[in-house]
Amino acid sequence: MNKVELESRLESLTDEINFLRQLYDEELRELQSQISDTSVVLSMDNNRSLDLDGIIAEVKAQYEDIANRSRAEAESMYQIKYEELKTTAGKHGDDLRNTRSEINELNRLIQRIQAEIEALKNQ
């Protein structure tokens with residue numbers, strides 16, 4: 001019983017293998033016919049002379065543009081910093097004048113009080 005079952009299984013597997021081989025051969029023939037029908041047209045530009053002067057000029061222009069932008073950015077940054085420092089210096093100058101004025105007022109007050117003390121001592 002087992003032998004008959006295995007033989008039938010062997011026969012079905014053999015049939016399947018034969019079927020797959022035929023399918024593979026047919027697909028292979030079809031692909032080969034498609035490949036033979038296809039022709040490839042290849043064109044190449046054999047112009048090997050490069051325009052090095054143009055390339056160098058283009059790169060130089062790009063670097064000059066970058067340098068100009070960097071220069072403008074740096075000038076702008078320095079101008080902003082200069083304005084900030086100028087404002088700060090003006091502020092400190094005002095503070096210094098106010099402090100000097102306070103010191104002068106306090107010196108006058110001290111002199112007046114010393115004069116009053118001397119007057120009181122003399123009395």
Side-chain angles (χ1 to χ4, degrees):
M1 192 82 150
N2 240 352
K3 184 179 177 186
V4 170
E5 187 179 316
L6 288 175
E7 284 177 353
S8 74
R9 196 162 178 218
L10 176 66
E11 189 177 320
S12 70
L13 287 175
T14 307
D15 289 343
E16 187 177 348
I17 288 173
N18 288 335
F19 173 75
L20 290 175
R21 277 188 186 149
Q22 288 176 351
L23 183 65
Y24 170 76
D25 289 339
E26 187 62 36
E27 285 180 357
L28 189 61
R29 270 187 250 114
E30 188 177 322
L31 287 174
Q32 286 175 346
S33 69
Q34 287 176 357
I35 290 173
S36 66
D37 291 344
T38 305
S39 64
V40 176
V41 177
L42 180 66
S43 65
M44 283 181 49
D45 184 11
N46 286 331
N47 185 5
R48 299 203 189 277
S49 64
L50 295 175
D51 182 18
L52 291 179
D53 292 334
I55 293 171
I56 290 171
E58 185 178 327
V59 169
K60 183 178 178 182
Q62 288 175 354
Y63 278 119
E64 285 176 354
D65 183 46
I66 291 170
N68 288 335
R69 279 187 279 154
S70 294
R71 188 177 306 113
E73 186 178 318
E75 286 176 5
S76 171
M77 187 177 71
Y78 286 128
Q79 188 66 29
I80 291 170
K81 197 68 169 172
Y82 173 75
E83 292 298 323
E84 288 176 359
L85 290 174
K86 192 173 165 183
T87 304
T88 304
K91 195 179 206 181
H92 289 313
D94 291 343
D95 290 345
L96 182 62
R97 277 191 289 280
N98 291 338
T99 304
R100 282 185 181 166
S101 171
E102 285 179 31
I103 290 172
N104 287 335
E105 279 182 41
L106 291 174
N107 281 336
R108 277 186 248 121
L109 180 63
I110 290 170
Q111 287 174 355
R112 195 185 84 221
I113 292 175
Q114 283 177 343
E116 286 178 12
I117 291 173
E118 285 300 317
L120 288 174
K121 280 183 183 179
N122 288 338
Q123 283 181 354

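In what follows, every heavy atom counts, from backbone to side chain, and hydrogens, waters and symmetry copies are set aside.
Remark: N98 pairs with no residue by the side-chain hydrogen bond (donor to acceptor under 3.5 Å, both in side chains) rule, at least two apart or across chains.
Residues L20 and L28 are members of separate hydrophobic clusters, defined by side-chain heavy-atom contacts under 4.5 angstrom among Ile, Leu, Val, Met, Phe, Trp and Tyr.
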Applying salt bridge (Lys or Arg N to Asp or Glu O under 4.0 Å) to D65 and R69, what does each step give before you reach the verdict? CA-CA 6 Å; D65 183 46; R69 279 187 279 154; 3.1 Å; yes
Salt bridge (Lys or Arg N to Asp or Glu O under 4.0 Å) assessment of D94 paired with R97: CA-CA 5 Å; D94 291 343; R97 277 191 289 280; 2.4 Å; yes
Verify side chain to side chain contact (heavy atoms under 4.5 Å, CB included) between T87 and K91, making sure each step is shown before the conclusion. CA-CA 6 Å; T87 304; K91 195 179 206 181; 5.7 Å; no
Start with the C-alpha gap between Q79 and E75, add the side-chain angles, then the distance that decides, and say whether side chain to side chain contact (heavy atoms under 4.5 Å, CB included) holds. CA-CA 6 Å; Q79 188 66 29; E75 286 176 5; over 6 Å; no
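Checked by atom type and distance alone, the side chain of S76 never pairs as donor or acceptor with a backbone atom of A72 at under 3.5 Å.
Applying the 6.0 Å contact sphere to CZ of R29 captures more than 12 heavy atoms from other residues, nucleotides or ligands. Surrounding CD of E30 are at most 12 heavy atoms belonging to other residues, nucleotides or ligands under 6.0 Å away.
With values rounded to the nearest 0.5 angstrom, T99 atom OG1 is found 10.5 Å from L106 atom CG. From S70, atom OG reaches atom CG of N68 across 9.0 Å, with rounding to the nearest 0.5 Å. Taking CD of E7 as the reference point, atom CD of E5 lies at 11.0 Å (rounded to 0.5 Å). Rounded to the nearest 0.5 Å, atoms CD (E102) and CG (N104) are 10.5 Å apart. To the nearest 0.5 Å, atoms CZ (R9) and OG1 (T14) are separated by 12.0 Å. Atom-to-atom distance recorded for Q114:CD and N107:CG is 9.5 Å, nearest 0.5 angstrom.
Among residue pairs with one or both ends in residues 103-123, those qualifying as salt bridge (Lys or Arg N to Asp or Glu O under 4.0 Å) are R112-E116; sequence neighbours excluded.
The side-chain heavy atoms of M77 and E73, taken from C-beta on, include no pair separated by under 4.5 Å.
D25 has no carboxylate O lying under 4.0 Å from a charged side-chain N of R21, or vice versa, which leaves the two without a salt bridge.
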